[in-house]
Amino acid sequence: MLDIKFIRENLDVVKAGAAKKHIAVDLERLIAVDEERKRLRQELDAKKAEQNRRSNEIQIAKDLEREKLIEQMQHLKAGMAESEDRLKEVMVEWQTLMLTIPNVPDMSVPDGESDEQNLEARTWGEKPAFSFTPKPHHELMTALGLADFERGAKVAGFRGYFLRGDGARLLMALRRFVEDRFMNREGFEPMFAPSLVRREAFIGTGYLPQGEEDLYKTQNGEYLAGTAEVATMGYFMNEVIDQSMLPLKFFAYSPCFRREAGSHGKDEKGVFRVHEFEKYEQVVLCEADHATSVQLHEEITANSEKLLQELGLHYRVVVNCGGDLGLGQVKKYDLEAWMPSENRYRETHSASYFHDFQTRRLNIRYRDSGGILRYAHSLNNTALAIPRILTQIVENYQKADGTVKVPPVLVPHVGKDTLGVAR
RNA sequence: GGAGAGGUGGCUGAGUGGUCGAAAGCGCUUGACUCGAAAUCAAGUGUGCUCGAAAGGGUACCGUGGGUUCGAAUCCCACCCUCUCCGCCA
């Protein structure tokens with residue numbers, strides 16, 4: 001959510017920002033509703049003041065005088081109820097509109113409508129050369145007995161999967177790998193976050209109200225989170241954080257659930273896009289300073305790049321274009337690792353910063369050195385999403401004989417150097 | 001799932017219809033005292049919206065949302081959450 005004062009004073013900026021994100025907004029309506037809101041508020045406050053004044057008089061007055069005053073008050077109240085109802089209506093529309101206004105993207109964000117226009121910032125490593133036609137990950141995994149998609153569908157339904165044997169070993173090795181890197185080296189606090197989360201935190205992080213379709217919902221009304229970001233940010237909801245605690249950096253783990261509504265037909269095979277997965281997420285809260293946000297954005301991006309480098313995966317970093325940014329994101333980098341079977345890069349990580357868009361919705365503040373309450377800034381980036389990362393590992397490390405080499409850093413955790421063969 | 005208790009400011013905690021944004025204590029800030037500190041004394045110390053150049057004013061907020069009333073932290077209703085006991089359970 002943006003500050004209404006900021007919107008009022010920077011209409012053109014907000015309008016241009018929404019256009020860059022290709023998000024339709026009705027700013028004229030918002031401004032009109034805001035004017036109405038202010039007018040009614042003032043009108044009602046004046047009436048309340050009058051009411052309070054008279055109430056005090058009634059308290060002192062006696063007998064006849066008192067009854068006369070009470071009668072007068074009843075008249076005064078009649079008009080107030082209307083104003084109050086009207087204000088309530090206006091507030092509902094005001095809030096609904098406010099939730100639709102996207103955050104303004106950074107100057108450096110490229111123009112564009114979809115991920116096709118994302119700008120490649122840099123690459124790392126080399127595309128692996130194959131003397132044969134590389135197979136897609138689901139074929140390799142099935143052939144080597146790492147995954148069972150047929151039974152996955154039988155048991156869990158569409159996009160269901162089992163990982164077994166070396167497939168499960170690889171997944172568990174990746175967990176230990178990423179846990180080791182973050183718990184011991186990065187200065188992050190580990191967080192084990194709930195996935196079953198109430199509506200507020202989804203609204204606060206910007207996934208609702210517009211993303212209802214993508215979320216699973218329980219019969220009790222909670223939603224299943226698609227990322228630990230939701231709960232981790234919600235953790236600080238309605239709180240004032242001690243400034244000395246900032247920046248707060250979390251290495252948050254949670255199971256993740258996504259309905260993938262509207263992506264039928266996309267990535268149907270394998271474990272690239274699944275309904276149920278696990279993710280380690282970097283979540284950061286910092287002081288309300290653009291330069292600090294930018295610096296931390298680079299830092300959490302570098303953290304993930306290091307992981308891909310250690311895994312020996314060729315990847316590129318793209319700056320996401322305006323049309324590929326979420327409602328609250330100011331800027332986003334995607335890390336995309338090479339997918340040999342598709343002859344293109346596919347997303348493994350996504351690093352964004354939000355300024356105070358999320359914290360304003362979540363009401364997360366801190367008191368600065370001048371004693372002023374400010375909304376903190378927030379950022380997040382994938383640390384590692386599994387099983388997705390398996391797709392690139394398996395494809396990039398496949399050999400001519402159909403087996404798959406284990407990335408050297410994972411060998412100690414997997415316990416062997418080749419998948420799909422006996423030790 | 002059943003029974004009971006309870007949600008008040010940064011914290012503890014008083015307040016059961018009116019002058020209560022809320023006692024008291026703690027904490028915090030500033031000042032006095034002191035070489036300095038502690039102790040002591042004095043003053044101050046919530047947030048949102050809104051009017052105002054500012055000083056300051058208005059209004060709202062005692063878990064959330066409704067209701068009763070001239071007037072609600074206080075009464076009524078619904079919901080949320082916490083705690084205790086029972087049941088179940090990794």
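In what follows, chains carry the letters A, B, and so on, assigned in the order in which the sequence lines appear, proteins first and then strands, with residues in each chain numbered from 1.
Side-chain atoms of A:Arg66 stay outside donor-acceptor range of the base of B:G71, with no qualifying N/O pair under 3.5 Å.
Within the 4.0 Å cut-off from OP1 or OP2 of B:C79, not a single side-chain nitrogen or oxygen of A:Arg198 is found. Phosphate contact (OP1/OP2 of B:C70, side-chain N/O of A:Gln51, threshold under 4.0 Å): absent. Look at A:Lys47 and you won't find any side-chain N or O under 4.0 angstrom from OP1 or OP2 of B:U59. In terms of phosphate contacts, A:Arg39 brings no side-chain nitrogen or oxygen within less than 4.0 Å of OP1 or OP2 of B:C51. Between A:Gln59 and B:U19 there is no side-chain polar atom (N or O) within less than 4.0 angstrom of OP1 or OP2. Contact between the side-chain N/O atoms of A:Asn52 and the OP1/OP2 oxygens of B:G71 is not found at any separation under 4.0 Å. Between A:Arg37 and the phosphate of B:U50, there is a side-chain N or O to OP1/OP2 separation shorter than 4.0 Å.
Comparing the C1' positions of B:A37 and B:U74 gives a spacing of 46 Å, expressed to the nearest Å. Taking atom P in both B:G46 and B:G4, the straight-line distance is 41 Å, to the nearest Å.
Looking only at atom types and distance, the side chain of A:Lys279 has a donor-acceptor partner in the side chain of A:Thr227 under 3.5 Å away.
The cationic atom of A:Arg346 (NZ for Lys, CZ for Arg) lies less than 6.0 Å from the six-membered ring centre of A:Phe272 and within 45° of the ring axis.
Note on A:Leu373: only backbone sugar-phosphate atoms sit closer than 4.0 angstrom, heavy atoms only; bases stay farther off.
Taking the side-chain hydrogen bond (donor to acceptor under 3.5 Å, both in side chains) definition, one finds that A:Glu298 meets it with A:Tyr333, sequence neighbours left out.
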